[in-house]
There are 2 protein chains.
Amino acid sequence: MLMGVIDLRQLDLKHLVALDAVAVEGTFGRAADRLGYSQSAVSQQIAALERLLGDRVFDRPGGPRPVVLTPLGAELLERARELLARVDAMSLELDLFRTGSAGKLSIGTFQSASAMLLPRIVARMRQQFPSIEMHVVESDAEDDLIRALATGEVEVSFLVGEAPPDTESVHLFDDPYVLVARPDQFPEGPVDPAQFADEPMIGQHPNACQLIGEAGLRSAGLSPTYVYRTNDNSTVTAMVRSGMGVAVMPFLCVEPEDPRVALHPIEPPIPERSILLAWRQNRTRSPAAERFVELAVEISRGFAGQLRAIA
Amino acid sequence: MLMGVIDLRQLDLKHLVALDAVAVEGTFGRAADRLGYSQSAVSQQIAALERLLGDRVFDRPGGPRPVVLTPLGAELLERARELLARVDAMSLELDLFRTGSAGKLSIGTFQSASAMLLPRIVARMRQQFPSIEMHVVESDAEDDLIRALATGEVEVSFLVGEAPPDTESVHLFDDPYVLVARPDQFPEGPVDPAQFADEPMIGQHPNACQLIGEAGLRSAGLSPTYVYRTNDNSTVTAMVRSGMGVAVMPFLCVEPEDPRVALHPIEPPIPERSILLAWRQNRTRSPAAERFVELAVEISRGFAGQLRAIA
DNA sequence: TCACACCCATGAGCATAACTGATTGACTTG
DNA sequence: CAAGTCAATCAGTTATGCTCATGGGTGTGA
């Protein structure tokens with residue numbers, strides 16, 4: 001940080017622009033015209049530059065002959081142009097960033113959100129803002145996501161349940177738990193928890209969704225016994241299909257188009273799983289994050305409609 | 001050149017330094033202490049930055065909590081640090097250039113100078129200033145060299161004879177023409193031009209050195225007939241050795257250690273060839289060029305002594 | 001050779017930008 | 001709720017940057 005004789009940090013970028021203009025025009029006066037200054041101003045700007053460098057940057061032959069760069073001036077100009085180009089590039093990049101058409105966005109998510117919700121949002125983002133670079137951090141441990149949010153590792157994160165402290169969030173929708181069973185196992189329509197109280201259960205390894213679901217079942221009076229646990233949702237349905245048992249899963253987690261299993265609303269319902277999108281409280285969000293939130297809300301509305309259709 | 005919303009060319013580098021300090025310290029006040037400003041000043045500097053960008057670069061939570069970068073601020077800081085590093089590098093580079101310990105130097109030269117003089121100077125330069133990058137332009141047409149000097153393609157150039165207009169120069173030494181003959185051809189010591197008036201001559205294709213030499217011979221009353229011309233000096237001596245003829249060459253051009261040819265001063269002498277080092281008049285020379293001139297003078301003095309020894 | 005044209009440097013005057021110091025208001029914490 | 005911390009802001013001063021006018025130095029053409 002300690003500089004030698006020259007410390008260009010005191011430099012004014014205007015002076016470099018003036019240097020360039022004079023070098024091109026060959027005359028302080030014409031350069032001044034071009035820049036909209038008086039000749040005197042340009043003279044003083046170049047003088048300031050030379051004071052900073054400790055040496056002349058132009059030879060002034062006097063009379064009507066044009067001024068010419070000294071070797072030092074030529075070295076400086078070469079670097080100055082590069083620097084100004086860099087500054088212009090910065091202006092552009094930051095402008096793009098500010099308007100949200102470029103930038104980086106890190107997103108926290110968990111399995112079911114990344115399975116059903118995230119792909120649609122990401123697809124829309126990539127289509128509307130192709131220059132936004134997205135990075136996804138997935139964890140099924142809610143704590144990880146909250147921590148990532150707090151450290152800034154992710155700027156927004158999908159979460160389940162209540163908004164943690166120091167965050168703001170939007171509620172996206174409530175994801176009801178549904179019963180997944182063999183097609184012939186129950187008549188179409190709602191099923192009472194009592195009807196499958198004795199069925200062996202298929203489920204995920206304990207994570208936020210799973211635990212909330214189990215708590216819901218217990219509060220409905222059931223004591224479910226799990227005969228198989230896997231975090232792979234298609235394996236869950238496969239197990240149901242094979243007759244090993246039934247599953248109670250968030251609607252988001254099941255592939256609704258699979259004709260080989262039946263989905264039943266649970267009636268009376270067990271508490272829904274609230275899906276929300278959270279970010280740090282009182283922090284300015286990047287425009288990219290704003291867009292992401294907007295899109296998430298919009299797409300979630302579509303999901304909510306879908307949910308009403310089966311519930 | 002027309003900027004969008006943001007034009008960082010109006011930016012003051014001090015503001016970027018302040019941005020960095022605040023980001024590191026977490027507080028306007030501590031950043032101010034570090035920078036030697038008042039808290040108010042830093043506050044205003046950041047405000048100026050934000051005015052320029054059109055958006056906040058820090059979130060100010062209020063109270064004793066530290067300020068934190070907004071996403072835009074983080075993007076800016078990343079680029080700002082890069083830019084400041086570049087500026088510091090520029091300071092260093094220009095300082096090295098200014099003191100002559102680094103830089104570029106283009107040198108104009110012609111055959112005999114590049115054969116005998118240039119290697120020694122270049123060697124000393126490379127040894128004393130290893131970071132100076134030298135570029136040599138060689139031409140046996142004096143006009144080319146003068147033109148290169150005028151356009152700035154070379155900053156200094158070796159020349160023969162008189163200094164052209166618009167140049168300054170130092171006289172390095174006078175290079176006498178010597179007779180190159182077979183060892184048994186003449187008795188050791190000076191030879192009168194009349195003694196080899198009828199000998200067939202070996203010489204170079206017409207260039208500055210050669211023409212000056214021929215003119216000298218003619219003014220001494222000779223009408224030399226050339227039976228072989230080559231620009232390769234060792235071929236000239238080889239031809240002399242083979243008995244094809246004798247050569248009159250600038251002393252600089254002959255390899256003085258070759259025992260298979262004899263060198264004779266010419267007495268009365270034909271006009272010497274004045275060797276000088278020239279540069280553009282009234283132009284600031286780069287420190288590298290100054291060093292080069294100094295070294296050239298110094299080394300030429302050694303040559304002059306060597307010349308006196310045989311003349 | 002002399003007047004002229006051209007061009008940069010410089011000084012005076014002025015506007016504005018930048019900094020200091022003191023104060024205010026917002027917010028957190030004990 | 002009081003104390004402490006911190007950024008914003010206001011007023012006042014200093015410094016900087018600009019314009020205008022002028023001076024000096026250097027080629028150029030009558």
Side-chain angles (χ1 to χ4, degrees), chain A residues 7 9-19 21-52 55-70 73 150 165-166 168 280-284, chain B residues 7 9-19 21-52 55-70 73 150 165-166 168 280-284:
Chain A
D7 180 8
R9 286 192 171 198
Q10 303 171 29
L11 182 71
D12 194 327
L13 291 180
K14 272 183 301 189
H15 296 349
L16 296 185
V17 176
L19 176 80
V22 174
V24 169
E25 295 289 342
T27 275
F28 282 42
R30 276 199 298 277
D33 286 344
R34 177 181 347 174
L35 300 175
Y37 287 121
S38 68
Q39 173 264 318
S40 173
V42 173
S43 184
Q44 292 173 59
Q45 288 179 358
I46 298 297
L49 207 49
E50 292 176 332
R51 204 176 322 121
L52 205 61
D55 252 321
R56 304 230 127 181
V57 295
F58 286 110
D59 280 316
R60 297 121 162 119
R65 308 192 74 79
V67 300
V68 287
L69 288 164
T70 62
D166 297 326
E168 279 177 275
R280 277 199 289 188
Q281 198 172 27
N282 296 328
R283 286 278 201 287
T284 305
Chain B
D7 180 8
R9 285 192 172 197
Q10 302 170 30
L11 183 71
D12 194 329
L13 291 180
K14 272 182 300 189
H15 296 349
L16 296 184
V17 176
L19 177 79
V22 173
V24 169
E25 296 289 342
T27 275
F28 282 45
R30 277 199 297 279
D33 286 346
R34 175 174 359 164
L35 300 174
Y37 286 121
S38 67
Q39 173 263 319
S40 174
V42 172
S43 183
Q44 291 173 59
Q45 287 180 358
I46 299 297
L49 207 48
E50 292 176 332
R51 203 176 321 120
L52 204 61
D55 252 320
R56 303 231 126 180
V57 294
F58 286 110
D59 280 316
R60 293 108 160 136
R65 306 193 74 80
V67 299
V68 287
L69 288 164
T70 62
D166 297 325
E168 279 177 275
R280 277 198 288 188
Q281 198 172 26
N282 296 328
R283 286 277 201 287
T284 305

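Letters A, B, ... are given to chains in the order of the sequence lines, protein chains preceding strands, and every chain is numbered from 1.
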Between B:I46 and A:H15, which is nearer to the 5' end of DNA chain D once each is assigned its nearest nucleotide? B:I46

Check B:D59 against A:N282 and note the closest heavy-atom contact, atom names and distance. CG-O, 4.0 Å

Heavy atoms only, 4.0 Å cut-off, all strands: where does B:P61 land among base, sugar-phosphate and nothing? sugar-phosphate

Roughly, in whole Å, what's the span from CG in B:D59 to P in C:dC27? 13 Å

Would you mind reading off the distance between A:Q39 atom CD and C:dG11 atom P, rounded to a whole angstrom? 14 Å

Within the structure shown, what part of the strands sits under 4.0 Å from B:Q45 by heavy-atom distance: base, sugar-phosphate, or nothing? sugar-phosphate

Is B:V42 touching bases, backbone alone, or none of the nucleic acid, heavy atoms closer than 4.0 Å? nothing

In terms of side-chain geometry, is the basic nitrogen of B:R9 or B:D7 positioned less than 4.0 Å from the acidic oxygen of its partner? no

Please determine, for the side chain of A:Q44, which listed nucleotide (D:dT19, D:dA7, D:dC10) has the closest atom? D:dT19

Does a nitrogen or oxygen in the side chain of B:K14 sit under 4.0 Å from OP1 or OP2 of C:dA17? no

If you check the B:R56 side chain, which of D:dA8, D:dT19, C:dA9 turns out closest? D:dA8

Assign B:T27 to base, sugar-phosphate, or nothing according to its heavy-atom contacts below 4.0 angstrom with the strands shown. sugar-phosphate

Selected nucleotide, minimal atom distance to B:S43 side chain, candidates D:dA8, C:dC19, C:dC8: D:dA8

Roughly, in whole Å, what's the span from CD in B:Q10 to P in C:dT16? 16 Å

Considering heavy-atom distances to DNA chain D, does A:S38 or A:G62 have its closest nucleotide positioned more toward the 5' end? A:S38

The side chain of A:S40 is closest to which nucleotide in this list: D:dC20, C:dC19, D:dA7? D:dC20

Please tell me which of the listed nucleotides, D:dT9, D:dG27, D:dA7, lies nearest to the side chain of A:R65? D:dG27

Phosphate contact (C:dT20 OP1 or OP2) by B:Y37 side-chain N/O below 4.0 Å: no

Could you check B:T70, B:V68, B:L69, B:L49 and say which one makes a side chain to side chain contact (heavy atoms under 4.5 Å, CB included) with B:F58? B:L69

For atom CZ of A:R51 and atom P of C:dA9, their distance in whole Å: 12 Å

Does any part of the side chain of A:L35, heavy atoms only, come nearer than 4.5 Å to the side chain of A:V17, both counted from C-beta? yes

For atom CG of A:L35 and atom C1' of D:dG17, their distance in whole Å: 15 Å

Protein-nucleotide distance (A:R30, atom CZ; C:dC6, atom P), rounded to Å: 11 Å

Return the value, rounded to whole Å, for the distance between atom CG of B:N282 and atom P of D:dG25. 15 Å

Could you work out which one of C:dC19, D:dT5, D:dA8 sits closest to the side chain of B:P64? D:dT5

Treating A:E25 as the side-chain partner and A:R30 as the backbone partner, does any N or O pair qualify as donor plus acceptor under 3.5 Å? no

Any non-hydrogen side-chain atom of B:Q45 less than 4.5 Å from a side-chain atom of B:F28? no

Nearest whole Å is fine: how far is C:dT28 P from B:R60 CZ? 16 Å

